[in-house]
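Hydrogens, waters and symmetry mates are skipped; everything else that's a heavy atom, side chains included, is used.
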Amino acid sequence: LELGTLVAETLAEVVLACTTEGEQAAAAAAPRAVRRARDYLHETFDRKVTLDALAAHAGLDKYHLVRAFRRAVGLPPYEYLTHIRIARASSLLTRGVTACEVAQIVGLYDESQLSRHFRRIVGTTPGRYADATRSRQHHPRRPSDAHASSSA
């Protein structure tokens, strides 16, 4: 998906330099196509998604879809998909699922790919995130802390 997106963005720039008719037609269909593409990414985050399949589902050619998606969402489709996967991974790690299992569940290749994206997006490793979440869940405020804060 990432490579296909980069190729599509590059070719779209070339096509745009040559004509504006296609761009005007695509602009009219873009909001609906972007909405359909976002929905598709949320539904299929755990599977391999190709740019061709995404464009076919959205009903817009891939070159225009990538440009419209980036304009509307602020990210290209592959990066948006990665954010969906990492959000889902965070939720699973909070529930105690291991990082190795999480990677497979959210559609990433392996734990190292999960760690790389997780660190880039969340700012920490999946293991540290899970440990911090578990320590917050297992160390609720002591009764004396609650009493002291309510009387202050």
Side-chain angles (χ1 to χ4, degrees), residues 1-18 22-23 25-27 29-142 145-146 149:
L1 182 62
E2 181 176 8
L3 181 60
T5 299
L6 293 173
V7 169
E9 285 179 326
T10 303
L11 290 175
E13 290 298 324
V14 171
V15 169
L16 181 61
C18 297
E23 187 68 20
R32 182 173 181 268
V34 169
R35 195 170 40 254
R36 289 178 52 86
R38 287 178 66 195
D39 291 346
Y40 183 76
L41 291 173
H42 281 276
E43 293 166 7
T44 61
F45 73 91
D46 58 341
R47 297 180 286 242
K48 181 179 179 183
V49 177
T50 65
L51 185 55
D52 288 329
L54 183 63
H57 184 82
L60 192 64
D61 73 87
K62 62 185 175 183
Y63 308 108
H64 290 108
L65 176 63
V66 169
R67 291 188 56 163
F69 197 98
R70 183 187 289 271
R71 191 170 37 250
V73 178
L75 299 169
Y78 71 88
E79 185 65 19
Y80 186 80
L81 176 60
T82 302
H83 280 261
I84 293 169
R85 288 174 169 166
I86 297 304
R88 179 70 175 136
S90 300
S91 173
L92 292 167
L93 289 165
T94 300
R95 290 192 224 138
V97 180
T98 67
C100 185
E101 293 171 310
V102 167
Q104 298 299 311
I105 292 169
V106 301
L108 296 171
Y109 296 114
D110 56 20
E111 191 174 348
S112 68
Q113 188 181 31
L114 171 67
S115 293
R116 184 175 67 251
H117 291 303
F118 202 93
R119 180 179 287 226
R120 180 174 54 83
I121 293 170
V122 179
T124 189
T125 65
R128 285 188 181 146
Y129 180 85
D131 290 344
T133 303
R134 278 192 292 271
S135 69
R136 281 194 304 268
Q137 290 174 348
H138 291 105
H139 292 68
R141 292 174 51 174
R142 293 180 308 234
D145 291 342
S149 65

Should E79 and R70 count as an ion pair when the cut-off is N to O under 4.0 Å?
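Result for this pair is no, no salt bridge flagged.
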
Check: T82 side chain, Y78 main-chain N or O, donor-acceptor pair, under 3.5 Å:
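Side chain of T82 to backbone of Y78: a pair is present.
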
Do L41 and F69 come close enough that some side-chain heavy atom pair is under 4.5 Å?
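Of all side-chain heavy-atom pairs linking F69 with L41, at least one is under 4.5 Å.
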
Quick test of your reading: applying ring-ring contact (aromatic ring centres under 6.0 Å, His included), list the pairs with at least one residue in residues 35-57, sequence neighbours left out, ordered by first then second residue.
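As it turns out, the ring-ring contact (aromatic ring centres under 6.0 Å, His included) pairs with a partner in residues 35-57, which skip direct neighbours, are Y40-H57, H42-Y80.
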
Applying side chain to side chain donor-acceptor pair (under 3.5 Å), can you list everything that pairs with [X], at least two apart in sequence or on another chain?
| X | answer |
| --- | --- |
| S112 | D110 |
| T44 | none |
| E101 | T98 |

Report the C-alpha distance between T133 and L93 in whole Å, list the side-chain angles of each, state the deciding distance to 0.1 Å, and finish with yes or no for side-chain contact (heavy atoms from CB on, under 4.5 Å).
CA-CA 8 Å; T133 303; L93 289 165; over 6 Å; no

Output all residues satisfying salt bridge (Lys or Arg N to Asp or Glu O under 4.0 Å) with [X], sequence neighbours left out; order by chain, then residue number.
| X | answer |
| --- | --- |
| D46 | none |
| E111 | none |
| R95 | none |

Please report the shortest heavy-atom distance between [X] and [Y], naming the atom on each side.
| X | Y | result |
| --- | --- | --- |
| L114 | A89 | CD1-CB, 3.8 Å |
| L108 | R85 | CD2-CD, 3.9 Å |
| A30 | A68 | CB-CB, 3.5 Å |

For A55, check side chain to side chain contact (heavy atoms under 4.5 Å, CB included) against everything at least two apart and list the hits.
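Side chain to side chain contact (heavy atoms under 4.5 Å, CB included) list for A55, sorted by chain: K62, L65.
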
Return a table of donor-acceptor pairs under 3.5 angstrom between the side chains of residues 121-132 and protein atoms on other chains or two or more places apart.
residue	atom	partner	partner atom	Å
T125	OG1	R128	N	3.2
D131	OD1	R134	NH2	2.8

Nearest 0.5 Å, what's the CD1-CD distance between I84 and E43?
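That separation rounds to 10.0 Å.
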
Would you find more than 12 non-hydrogen atoms of other residues, nucleotides or ligands less than 6.0 Å from R36 atom CZ?
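More than 12 within 6.0 Å, yes.
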
Output all residues satisfying ring pair (Phe, Tyr, Trp, His ring centres under 6.0 Å) with H117, sequence neighbours left out; order by chain, then residue number.
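So H117 forms no ring pair (Phe, Tyr, Trp, His ring centres under 6.0 Å) with any residue.
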
